Asker: 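Submitted below is the structure of interest, expressed as structure tokens.
Worth saying up front: this structure is predicted, and the values here are computed from it rather than measured.
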Amino acid sequence: MLRDRLREMDLRITELSEYLQVSRPTMYKYIDSYDNAEFDLINKKVLKLFNYIQEHELAGKKSVINYILNNLTTVKELEDDEETDIIKKIKKYIISNPESKKSQFLVTAATKDTFDDIIFYLVSIQGLIKKRKLTDDELKAIKPYIEIKEKIKKLEGN
């Protein structure tokens, strides 16, 4: 049964509902319909996911979420209009400047986890970078950033 399979994968129906933008009660109905082979009662993208789960016995929670994000949702479904506009601007920048270091970094940041720790750090200190008066704790937080910038300036000067 599909519900048992979801439990084995530690994948909550609430999570599935959110990812697929379906109410939780509707998701339960779809699961019941799937288990009863009433496939015509199930939303097409949900049915695709259920088939994926059943066909890939070794699939885990991460691979199912990855499948949903890569195959069953669109940017429009996941984001509001302002966020969609930002994504479009990033895409336009990358397409118009494919050789730039910034484009290469954006592509790497979006497709690999190489810079995740650094990106997390930079996002966390973003508000502090332009701030004029910093507390001691804030200064301590941005110290690595300042040191890296100084090292980069030295390298560029050589």
Side-chain angles (χ1 to χ4, degrees), residues 5-28 30-31 43-46 48-53 55-158:
R5 179 81 174 98
L6 295 172
R7 198 173 295 118
E8 286 171 16
M9 294 186 323
D10 195 30
L11 191 57
R12 295 183 6 240
I13 292 172
T14 305
E15 288 177 287
L16 279 181
S17 300
E18 289 174 10
Y19 279 116
L20 297 169
Q21 296 185 330
V22 174
S23 72
R24 195 175 44 78
T26 301
M27 186 61 70
Y28 280 110
Y30 287 159
I31 291 169
N43 172 293
K44 298 284 186 235
K45 69 180 179 182
V46 175
K48 277 178 138 178
L49 174 65
F50 291 171
N51 287 334
Y52 173 82
I53 291 170
E55 291 168 7
H56 296 85
E57 293 178 20
L58 299 177
K61 182 176 181 175
K62 285 183 181 180
S63 61
V64 169
I65 293 170
N66 188 44
Y67 179 82
I68 293 168
L69 295 175
N70 288 316
N71 298 291
L72 302 178
T73 56
T74 63
V75 171
K76 193 86 170 149
E77 290 173 332
L78 293 174
E79 310 294 344
D80 63 25
D81 289 337
E82 184 179 334
E83 290 170 328
T84 302
D85 288 342
I86 292 168
I87 292 168
K88 286 179 182 176
K89 286 177 185 175
I90 293 168
K91 180 179 177 182
K92 184 178 178 182
Y93 179 86
I94 291 170
I95 289 170
S96 60
N97 303 288
E99 301 301 318
S100 77
K101 294 294 182 193
K102 188 174 187 177
S103 289
Q104 292 171 14
F105 174 78
L106 290 170
V107 170
T108 302
T111 59
K112 296 181 173 40
D113 61 5
T114 309
F115 299 114
D116 284 358
D117 293 338
I118 295 168
I119 292 168
F120 177 81
Y121 169 71
L122 291 173
V123 170
S124 72
I125 65 160
Q126 178 185 1
L128 302 177
I129 293 172
K130 301 271 186 206
K131 194 172 172 185
R132 291 182 183 210
K133 290 189 176 185
L134 298 170
T135 67
D136 289 342
D137 286 340
E138 291 171 334
L139 278 170
K140 207 180 287 184
I142 67 165
K143 185 177 179 186
Y145 170 77
I146 293 168
E147 290 172 352
I148 290 170
K149 278 190 73 167
E150 289 172 0
K151 286 180 183 180
I152 291 170
K153 282 183 185 177
K154 285 181 185 176
L155 287 172
E156 289 174 345
N158 291 335

Asker: Can you see which heavy atom on F50 is nearest to which on M27, and at what distance?
Answerer: CZ-SD, 3.8 Å
Asker: Please report, to 0.1 Å, the donor-acceptor pairs under 3.5 Å made by any side chain of residues 8-15, with sequence neighbours excluded.
Answerer:
residue: E15; atom: OE1; partner: R12; partner atom: N; Å: 3.0
residue: E15; atom: OE1; partner: K61; partner atom: NZ; Å: 3.4
residue: E15; atom: OE2; partner: K61; partner atom: NZ; Å: 3.1

Asker: For atom CD of E57, is the number of surrounding heavy atoms from other residues, nucleotides or ligands below 6.0 Å larger than 12?
Answerer: no
Asker: Which residues pass the side chain to side chain contact (heavy atoms under 4.5 Å, CB included) test with Q126, sequence neighbours left out?
Answerer: none
Asker: Show every donor-acceptor pair shorter than 3.5 Å between a side-chain atom in residues 92-99 and any protein atom, with sequence neighbours excluded, or say none if there are none.
Answerer:
residue: S96; atom: OG; partner: K92; partner atom: O; Å: 2.9
residue: S96; atom: OG; partner: Y93; partner atom: O; Å: 3.3
residue: N97; atom: ND2; partner: Y93; partner atom: O; Å: 3.1

Asker: Could you state the interatomic distance from CD1 (I86) to NZ (K91), rounded to the nearest 0.5 Å?
Answerer: 16.0 Å
Asker: Do L20 and N43 come close enough that some side-chain heavy atom pair is under 4.5 Å?
Answerer: no
Asker: Among all residues two or more places apart in sequence or in another chain, which pass the salt bridge (charged side-chain N to carboxylate O under 4.0 Å, His left out) test with R7?
Answerer: D4
Asker: Under 6.0 Å from the CG atom of D116, do we count more than 12 heavy atoms belonging to anything else shown?
Answerer: yes
Asker: Determine which pairs satisfy ring pair (Phe, Tyr, Trp, His ring centres under 6.0 Å) with at least one residue from residues 96-146, sequence neighbours left out, and list them in order.
Answerer: F105-F115
Asker: With sequence neighbours excluded, tell me which residues meet salt bridge (charged side-chain N to carboxylate O under 4.0 Å, His left out) with E138.
Answerer: K131
Asker: Could you check if a side-chain atom of L6 sits within less than 4.5 angstrom of a side-chain atom of I31, using non-hydrogen atoms only?
Answerer: yes
Asker: So, taking the atom named OG1 in T108 and the one named NZ in K101, what distance separates them when rounded to the nearest 0.5 Å?
Answerer: 10.0 Å
Asker: Hey, could you give me the CG/NZ distance between L106 and K102, rounded to the nearest 0.5 Å?
Answerer: 7.0 Å
Asker: Could you measure the distance from the CG atom of N71 to the NZ atom of K45? Nearest 0.5 Å is fine.
Answerer: 12.0 Å
Asker: With a 4.5 Å cut-off on side-chain heavy atoms, are K143 and L139 touching?
Answerer: no
Asker: Once you round to the nearest 0.5 Å, how far does OG of S103 lie from CD1 of I90?
Answerer: 10.5 Å
Asker: Of the options L49, L69, V64, L72, which is the one that meets Y19 in a side chain to side chain contact (heavy atoms under 4.5 Å, CB included)?
Answerer: L69
